[in-house]
Each structure stands twice: as C-alpha cells, then as structure tokens.
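For reference, the structure discussed in these notes is given below.
Values reported hereafter were calculated over all heavy atoms of this structure, with side chains retained and with hydrogens, waters and symmetry mates removed.
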Amino acid sequence: MSAPLIDYTDRHTVVTGGGTGLGRAICLQLSSLGAHVAVLDIDESAASGTVKLIKDSGGDAVPVRCDVADRDAVADAFAQATSAFGPPDVLVNNAGINPHVPSRELTRNDWAQIVGVNLSGYLWSAQQLAEALIPAHRAGAIVNVSSIGGRTALGRGNVAYGVTKGGVDQLTRELAIAWAPYGIRVNAVAPCQIATDGLRALSTQPSAEGRLLDTFLRGIPLGRLVEPAEVAAAIAFLASEAAAMITGVVLPVDGGNLAFNAGGTIGE
C-alpha cells in the first residue's frame with residue numbers, strides 16, 4: 001500500500017505571518033500532517049502562541065521574529081529556522097498588511113510599506129528557500145497567499161493591496177517557470193473574504209459595516225465566507241506530493257466569487 005500523498009512527515013515548512021488568523025490556521029494544518037513548522041511573524045509573542053498550540057497538540061514548531069520587508073531579516077530568520085529543523089523544503093508566503101487608504105491619499109511611506117510586506121517580502125522569502133534547495137539539488141514547494149483582490153478590483157481603499165496581490169500572482173508564475181528545472185513548484189491561493197472574528201462580528205451590526213458583509217456574501221455564490229482552515233487545506237494540497245504536477249497556478253478558494261459576473265444571477 002502506497003504512502004498518503006498529503007503527508008508532511010519530517011518535512012520542514014516555513015510560514016510567514018504565522019502568528020494569527022490565516023497564518024495560524026496554516027501552521028496548525030501543516031503540523032497536523034506531520035511537518036516541523038518555523039512560525040515567522042513580526043510579532044514574536046503571536047508566533048509563540050501558535051507554537052504553543054502546535055506543541056500542545058504533539059507537534060514540533062519554533063517561533064522566529066521576522067519583518068519580511070527587510071531582506072536581511074528574512075535571511076536571518078531562515079538561518080534560525082534551519083538551525084532548528086534543518087534546511088526547509090516548503091515555504092508558505094502569508095504575511096500581509098492592508099491599511100485601507102484611498103488612492104488619492106496614498107503616501108510614499110504607505111506605498112513602500114504595503115509593497116514591502118505584501119510583495120517584496122514574498123520574493124525575499126522565496127529566494128531564501130531557493131538558496132536552501134537549489135545548491136543541494138533538492139525539490140520543494142512554495143505557496144503564496146494572494147487574494148481575489150489580485151484579479152478584480154475591491155474598491156474601499158484597497159488599491160495598494162490589490163496591486164500587490166496582482167504582483168503576487170505574476171511573481172508566482174514567473175518563479176514557477178524560472179525554478180521548474182530545479183524541481184521547485186510555485187503556486188498560490190486566492191481566497192475571498194475570510195471568516196475572521198472581526199468579519200463574523202459584522203453580521204450582528206445593522207450599520208454600514210453590517211451592510212458591507214451583505215455585499216461580500218452577495219458576491220460569493222456558495223453564500224458564505226471562507227474559513228481559515230479551508231484555505232489552509234488548499235495550501236497543504238498545493239505544497240504536497242498530491243500536486244506534484246501543478247505549478248504556476250493561482251487557485252481561487254472563493255466559493256465561486258471570481259466565476260460570478262456582477263450582472264449575473266445565482267441559480268437557474
């Protein structure tokens with residue numbers, strides 16, 4: 001009987017932005033499949049919280065403080081991760097920020113910060129994984145967390161966020177082609193709005209924020225927000241041997257959002 005394809009036993013994974021929210025769900029998912037997890041986050045206490053949850057469940061993880069916008073800090077974080085578990089073979093680029101700023105009000109600092117974390121940080125981290133794999137002639141996988149906002153405009157002050165996510169989509173394709181000869185697969189997931197505690201709270205508010213939640217749901221044919229664990233499961237698939245022939249793909253995890261035309265009608 002063959003071994004299961006989605007099996008991370010003894011694999012070393014690095015997850016950026018792993019301290020809270022979706023990043024924490026990704027770390028827990030990969031750990032549950034047997035991975036050693038380096039939890040990178042700019043908030044070391046949040047990373048430590050994720051590590052505690054993993055260890056309480058019998059897994060193995062280490063917290064590493066890292067500002068992904070700082071290329072030198074990323075190199076140091078990967079060195080720490082390697083010291084803990086050996087060279088990594090899986091990277092999940094998840095760290096991200098989204099300060100909502102109207103396009104006419106974006107400052108140089110706003111732009112530099114958002115691009116630094118959401119796009120440059122993905123490249124710096126991917127470079128570090130490639131340097132761990134290519135000289136050693138080892139295969140590996142990268143999964144980037146993009147967004148439906150990389151394919152369609154969201155409005156509401158999301159211009160910088162959307163531009164960086166569009167950049168993540170293209171970075172995914174470019175690195176997939178560049179590194180295919182080395183056996184490094186590069187894919188991405190594009191979630192719709194994720195069911196965080198903050199978004200769930202909107203459903204109880206008869207305010208503009210509550211109406212915004214209704215707007216989200218009208219654009220999702222399956223009629224609900226995506227759960228963090230569902231995005232994490234898609235990521236675990238893409239980085240696993242079950243997806244061994246998949247590279248350069250941006251996989252929507254969006255309940256049909258990107259398939260749905262704004263003028264369309266759900267159902268027959």
Rounded distance [0.5 Å steps], [atom1] in [X] versus [atom2] in [Y]:
| X | Y | atom1 | atom2 | answer |
| --- | --- | --- | --- | --- |
| Ser48 | Arg65 | OG | CZ | 12.0 Å |
| Phe78 | Thr16 | CZ | OG1 | 8.0 Å |
| Asn98 | Ser147 | CG | OG | 8.5 Å |
| Leu171 | Thr164 | CG | OG1 | 11.5 Å |
| Ile142 | Thr172 | CD1 | OG1 | 9.0 Å |
| Arg11 | Glu241 | CZ | CD | 6.0 Å |

query: Have Gln80 and Asp76 got a donor and an acceptor in their side chains that come within less than 3.5 Å?
result: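 Judged by distance alone, the side chains do pair up.
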task: Would you tell me whether Asn109 and Thr107 have side-chain atoms, one donor and one acceptor, within less than 3.5 Å of each other?
output: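 No, because no side-chain N or O of Asn109 sits under 3.5 Å from a partner of the opposite role on Thr107.
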Report whether [X] and [Y] are members of the same hydrophobic cluster (ILVMFWY, side-chain heavy atoms less than 4.5 Å apart, transitive linking).
| X | Y | answer |
| --- | --- | --- |
| Val253 | Phe260 | no |
| Val249 | Ile6 | yes |
| Leu251 | Leu30 | yes |
| Ile148 | Ile220 | no |
| Leu28 | Leu238 | yes |

Shortest non-hydrogen separation from [X] to [Y] and the atoms involved:
| X | Y | answer |
| --- | --- | --- |
| Ser125 | Asn93 | CB-OD1, 3.3 Å |
| His100 | Arg156 | CD2-O, 3.2 Å |
| Ala69 | Trp124 | O-NE1, 3.6 Å |
| Ala234 | Val189 | CB-CG1, 4.2 Å |
| Val145 | Val168 | O-CG1, 4.3 Å |
| Ala130 | Pro135 | O-CD, 3.7 Å |

Below 4.5 Å, heavy atoms only, C-beta onward: do [X] and [Y] meet side chain to side chain?
| X | Y | value |
| --- | --- | --- |
| Leu217 | Gln193 | no |
| Val231 | Ile235 | yes |
| Cys192 | Phe216 | no |
| Ile26 | Leu22 | yes |
| Asn118 | Tyr161 | yes |
| Val226 | Asp254 | no |
| Arg173 | Val250 | yes |
| Ile97 | Ile114 | yes |

Is the side chain of [X] donor-acceptor paired with the backbone N or O of [Y] at a distance under 3.5 Å, no angle test?
| X | Y | result |
| --- | --- | --- |
| Ser57 | Gly59 | no |
| Ser83 | Ala79 | no |
| Arg185 | Ile246 | yes |
| Glu105 | Pro102 | no |
| Asn144 | Ser146 | no |

message: Checking side-chain hydrogen bond (donor to acceptor under 3.5 Å, both in side chains) between Arg24 and each of Thr50, Asn94, Asp41, which is the one that passes?
response: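 So, applying the side-chain hydrogen bond (donor to acceptor under 3.5 Å, both in side chains) to Arg24 and each of Thr50, Asn94, Asp41, only Thr50 qualifies.
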- prompt: Between Asp56 and Lys52, is there a side-chain N and carboxylate O pair less than 4.0 Å apart?
  reply: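 The answer is yes: the pair qualifies as a salt bridge.
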- prompt: Taking it one step at a time, do Val90 and Tyr8 satisfy side chain to side chain contact (heavy atoms under 4.5 Å, CB included)?
  reply: CA-CA 10 Å; Val90 173; Tyr8 285 79; 4.3 Å; yes
query: Who pairs with Phe85 by ring-ring contact (aromatic ring centres under 6.0 Å, His included), at least two apart in sequence or on another chain?
result: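 Phe85: ring-ring contact (aromatic ring centres under 6.0 Å, His included) contacts with His12, His36.
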message: Assess the residue pair Val37 and Val15 against the criterion (side chain to side chain contact (heavy atoms under 4.5 Å, CB included)); give the C-alpha distance rounded to whole Å, side-chain angles, the decisive distance to 0.1 Å, and a yes or no.
response: CA-CA 7 Å; Val37 185; Val15 180; 4.2 Å; yes
- prompt: Does the side chain to side chain contact (heavy atoms under 4.5 Å, CB included) test come out yes or no for Val163 and Val115, once each step is laid out?
  reply: CA-CA 9 Å; Val163 168; Val115 171; over 6 Å; no
task: Evaluate the criterion side chain to side chain contact (heavy atoms under 4.5 Å, CB included) for residue pair Ile54 and Cys27; output intermediate values, then yes/no.
output: CA-CA 8 Å; Ile54 289 172; Cys27 293; 4.0 Å; yes
